[in-house]
Amino acid sequence: MSSSPDEGVYPDYDAPEGQIDLSNRLCPLLVVRALSKFEFEDVRRLAAELCGRIHPKVLIPIMSYQLKNATCVKDLLKIKACLFSICISLLVNGTDAYAHPDMFWIHQAIETILLWPSVDGDDISKAQHGCIDCLPLILCTELQATKAVKNSISIEVCFEQSIVSSGDSLTKDSVCSYVIHHLVCDEDISVMLGRNEVVKAHQSFRLRMANVLITACQKVPSASKKPFVSKILPRVLHCVEEIANSEVRSACIQVFFSMLYHLKSLVLPYSSDLLKVSIKSPREGSEKERIAGAKLLASLMASEEAVLQKISGGLVEART
């Protein structure tokens with residue numbers, strides 16, 4: 001008897017009742033088409049999108065398995081297809097996708113990929129852009145999940161427990177805290193690179209964490225905007241002056257600019273602190289910090305009336 005064409009494509013999974021037969025028929029075909037190197041690009045993309053609409057109890061184990069294997073061998077085509085399907089699943093299924101225990105392995109693979117050295121425009125950087133699209137969706141879905149179960153057992157806590165039970169040291173905190181920590185923390189990350197590449201990899205990784213937050217500013221749903229600001233902005237503001245790396249400080253100021261631009265009056269409680277950063281950067285920072293600080297100051301000056309009133313005293317003081 002000849003083996004099935006989808007043999008070995010995915011591990012065993014516990015499909016929801018009523019979907020087992022449909023999943024058994026469609027999943028192998030869609031997964032094979034989405035991950036095949038010999039398929040047309042448009043077909044791969046459509047198949048990956050359709051995979052993302054499969055129930056998360058079926059899809060997430062499949063994609064976590066495939067993404068982990070693809071990351072081990074640096075199969076960039078499969079990595080991009082898996083990440084795209086996961087993004088669609090998060091958009092369509094929200095907390096049902098986020099709460100799956102195998103999301104931990106997806107997060108772990110994303111961290112590994114973002115630590116790879118890359119050059120702008122090469123294939124690795126394109127895979128990393130996929131990670132920078134996926135991680136903000138996980139973060140935003142986490143905020144929705146936390147709000148949805150505020151008075152019951154938190155999905156965020158369940159996610160953290162799955163991480164702890166795995167025995168891995170990747171993170172024992174929320175995705176939001178994970179991103180902030182690696183952005184503002186000056187400690188080196190232990191990576192399997194040469195001695196001269198460790199610091200460079202860490203700086204690049206931190207800059208990618210800033211890009212995750214910038215992307216999240218654009219993707220966060222209206223209902224989660226306020227907790228998004230309150231969880232991220234004060235923590236980064238508190239640490240920005242203590243960051244030793246000028247490139248990372250500049251990236252943090254760009255995060256502030258993005259939050260002000262996209263979230264507007266929600267940053268009102270922190271507008272005076274943003275003004276101090278925007279004034280200090282052109283005086284004391286590097287060229288990139290000066291440019292970022294000038295953009296932030298211009299954005300503050302063009303903000304809503306409430307923000308202008310809040311910073312008016314600081315503007316007068318800065319002139320004197």
When rounded to the nearest 0.5 angstrom, what distance separates [atom1] in [X] from [atom2] in [Y]?
X: Leu135; Y: Thr215; atom1: CG; atom2: OG1; answer: 9.5 Å
X: Cys27; Y: Ile62; atom1: SG; atom2: CD1; answer: 4.5 Å
X: Asp102; Y: Lys57; atom1: CG; atom2: NZ; answer: 12.5 Å
X: Cys252; Y: Met209; atom1: SG; atom2: CE; answer: 12.5 Å
X: Ser258; Y: Leu296; atom1: OG; atom2: CG; answer: 11.0 Å
X: Gln128; Y: Ile113; atom1: CD; atom2: CD1; answer: 8.0 Å

Within a strict 4.5 Å, meaning less than it, do heavy atoms of the [X] and [Y] side chains meet?
X: Leu139; Y: Leu213; result: yes
X: Asp273; Y: Val277; result: no
X: Arg290; Y: Ser250; result: no
X: Val184; Y: Val240; result: no
X: Cys82; Y: Leu35; result: yes
X: Ser125; Y: Asp122; result: yes
X: Lys226; Y: Leu263; result: no
X: Trp116; Y: Lys74; result: yes

Do you know which two heavy atoms are closest between [X] and [Y], and how far apart they sit?
X: Ser36; Y: Leu77; value: O-CD2, 4.1 Å
X: Ile60; Y: Ser89; value: CD1-OG, 4.2 Å
X: Ala34; Y: Ala48; value: CB-N, 3.6 Å
X: Gly130; Y: Leu83; value: C-CD1, 3.8 Å
X: Leu268; Y: Ala306; value: CD1-O, 3.4 Å
X: Lys219; Y: Cys140; value: C-SG, 4.1 Å

Same cluster or not: [X] versus [Y], using hydrophobic residues (I, L, V, M, F, W, Y) connected whenever any side-chain heavy atoms lie under 4.5 Å apart?
X: Ile279; Y: Met259; value: yes
X: Leu233; Y: Val255; value: yes
X: Phe205; Y: Ile243; value: yes
X: Ile253; Y: Leu207; value: yes
X: Phe84; Y: Ile86; value: no

Using modelled atom types and a 3.5 Å cut-off, is there a donor and acceptor pairing between side-chain atoms of [X] and backbone atoms of [Y]?
X: Thr141; Y: Leu137; value: yes
X: Arg206; Y: Val248; value: no
X: Ser64; Y: Pro61; value: yes
X: Lys264; Y: Tyr261; value: yes
X: Asn93; Y: Asp96; value: no
X: Ser271; Y: Val267; value: no
X: Arg249; Y: Ala244; value: yes

With side-chain contact (heavy atoms from CB on, under 4.5 Å) as the criterion, how do Glu111 and Tyr178 come out once you've worked through the C-alpha distance, each side chain's angles and the decisive distance to 0.1 Å? CA-CA 11 Å; Glu111 179 184 63; Tyr178 166 85; 2.8 Å; yes

Start with the C-alpha distance between Ile214 and Ile132, add both sets of side-chain angles, then the distance that settles side-chain contact (heavy atoms from CB on, under 4.5 Å), and finish with yes or no. CA-CA 10 Å; Ile214 290 169; Ile132 293 170; over 6 Å; no

[X]/[Y] ion pair, N-O < 4.0 Å:
X: Lys288; Y: Glu247; result: yes
X: Arg44; Y: Glu39; result: no
X: Glu241; Y: Lys280; result: yes
X: Arg45; Y: Glu49; result: no

If we count only N and O atoms by modelled type, under 3.5 Å, do the side chains of [X] and [Y] hold a donor and an acceptor together?
X: Glu289; Y: Ser286; answer: yes
X: Ser118; Y: Arg208; answer: yes
X: Gln144; Y: Ser224; answer: no

Against the six-membered ring of Phe228, is Lys231 placed for a cation-pi contact (under 6.0 Å from the centre, within 45° of the normal)? no

List the steps, then state whether side-chain contact (heavy atoms from CB on, under 4.5 Å) holds for Leu76 with Ile79. CA-CA 5 Å; Leu76 300 176; Ile79 287 171; 4.1 Å; yes

How far apart are the C-alpha atoms of Phe256 and Leu237, what are their side-chain angles, what is the distance that settles it, and do they pass the side-chain contact (heavy atoms from CB on, under 4.5 Å) test? CA-CA 9 Å; Phe256 300 152; Leu237 273 169; 3.8 Å; yes

